[in-house]
Amino acid sequence: MRGVQEKKRKKGNKGVIIFLMVIVLVIVISGVAVLLLNQIHITNELATQTVHDLAKTTIQNNEEIAQAVRAPKSVQATVPIFMYHFLLDDYGEYLDVENFMKPSTFEEQLKYITENGYETIFMNEIGSLENYTKPVCLTVDDVFVYFYDNGFPLIKKYNVKVTLNIIYDYINGENYLTTEQIQEMLDSGLVSIESHTRTHQELTTLTEEEQRNEIIESKNGLEKDFNVKLSTLCYPVGDYNNNVIEIAKEAGYQYGIAMTGGTYYSNIHTNQYAIPRIYANRSMPLSTFASYLSEASVEVEW
Ligand SMILES: [Zn+2]
């Protein structure tokens, strides 16, 4: 009897063990299943998210492309283009005192530009202003070393763009910019260069051959030496005529800039080779500078 009972007990124990094992197995399997399902769910979510993100990016890219491809129906811009020469306190023996702007005055102007939300543009942007609202262009003619010493630190401080009109043959000449200085300024991204001819002679007094040499070779030289593309011919002493304009067009210049004429209105100054500028002279009060700026505007019709 005892033997039979013992057997039954053993059998009963076995049953309980199997039962427990089954339960454990079920729990483990369920756990794994839940984990797997979760994983699948997460993966699905991630996949959905990724697809969603991709779609979003694609839409954004398409919009960017569309924006880039889409040309505005019309752009009407009013841009004060200022013309500077020397940035120096002491004008020494020179008689053209008004060409010497004090660096402190220049700084006041840059401060005013940035504090009042004006946007500095390079000369080569004058024909594509649809992304600006209050553009202003600062140009420096002849460009002596004083600009590197007194102007470059300020344009970096205020993060403004300046276009330098370089006399090609004068690079590395006494008191003029060196090749290295021009390159350093270009590398900052805040400076662009344009041509102010080879030797700064009044173009209308030259023969056609001489004009070609001044206009074409200065462009070729600057483009080759600094690996840039030029857009603008700055006429020495503001002197030009139709013949000069024809050569400039042929050389691939898009714009020609004069020395006078005040603010540039794109709807009035339709001749792109006779773009006017404002003389930023030594005695210009900040209020005058500010009143020129106040006109800056862009109206875009898409
Ligand atoms: Zn000049």
Side-chain angles (χ1 to χ4, degrees), residues 80-88 91-103 106 122-124 126 137-152 155 162-179 181-182 185-186 191-206 210-223 225-226 228 230-241 243-245 247-248 251 253-262 264 273-284:
I81 306 172
F82 291 97
M83 172 186 64
Y84 297 86
H85 286 91
F86 301 88
L87 277 180
L88 200 63
Y91 48 85
E93 307 276 293
Y94 288 96
L95 294 174
D96 48 354
V97 180
E98 288 299 330
N99 274 351
F100 288 76
M101 174 160 289
K102 289 181 180 178
F106 187 60
F122 289 133
M123 240 336 278
N124 61 13
I126 203 85
C137 187
L138 309 178
T139 65
V140 183
D141 286 10
D142 311 343
V143 207
F144 292 81
V145 71
Y146 316 121
F147 180 80
Y148 179 80
D149 294 338
N150 304 327
F152 187 44
I155 71 166
V162 171
T163 297
L164 306 180
N165 298 315
I166 305 279
I167 306 165
Y168 183 60
D169 285 13
Y170 290 7
I171 296 172
N172 299 318
E174 199 188 345
N175 288 336
Y176 284 87
L177 294 174
T178 66
T179 306
Q181 288 166 342
I182 295 173
M185 291 193 279
L186 284 172
V191 164
S192 74
I193 57 168
E194 299 292 353
S195 170
H196 200 22
T197 73
R198 279 190 67 170
T199 61
H200 202 265
Q201 298 189 59
E202 291 182 37
L203 291 170
T204 63
T205 66
L206 305 179
E210 289 166 335
Q211 287 176 336
R212 288 181 167 278
N213 183 30
E214 290 286 335
I215 297 168
I216 300 170
E217 293 315 315
S218 58
K219 184 171 186 284
N220 290 344
L222 286 168
E223 289 186 339
D225 291 359
F226 297 101
V228 290
L230 265 56
S231 70
T232 305
L233 174 62
C234 177
Y235 309 116
V237 214
D239 178 50
Y240 65 97
N241 59 18
N243 200 38
V244 166
I245 291 176
I247 298 169
Y253 290 101
Q254 293 165 269
Y255 313 108
I257 46 176
M259 281 184 71
T260 53
Y264 167 67
Y273 296 86
I275 292 180
R277 289 189 293 168
I278 302 155
Y279 180 19
N281 58 348
R282 189 178 180 95
S283 53
M284 179 186 272

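Just so it is clear, the model here is predicted, and its values are computed rather than measured. The analysis underlying the following values was restricted to heavy atoms, covering all of them including side chains, and did not include hydrogens, waters or symmetry mates. Counting convention: from 1, in listed order, for ligands and their atoms alike.
- When each of N243, T205, N241 is paired with Q211, the side chain to side chain donor-acceptor pair (under 3.5 Å) condition holds for N243 and for no other.
- Ring planes of Y146 and F86: tilted class, angle from 30 to 60°.
- Atoms of the protein (N, O or S only) found under 2.8 Å from the Zn ion (ligand 1) are D142 OD1, H196 NE2, H200 NE2.
- Taking CE of M123 as the reference point, atom OG of S231 lies at 6.0 Å (rounded to 0.5 Å).
- Between the side chains of D142 and Y176, not a single donor N or O lies within less than 3.5 Å of an accepting N or O.
- Taking the side chain to side chain donor-acceptor pair (under 3.5 Å) definition, one finds that S195 meets it with S218, Y253, sequence neighbours left out.
- T199 and D169 form no side-chain donor-acceptor contact under 3.5 Å, judged by distance and modelled atom types alone.
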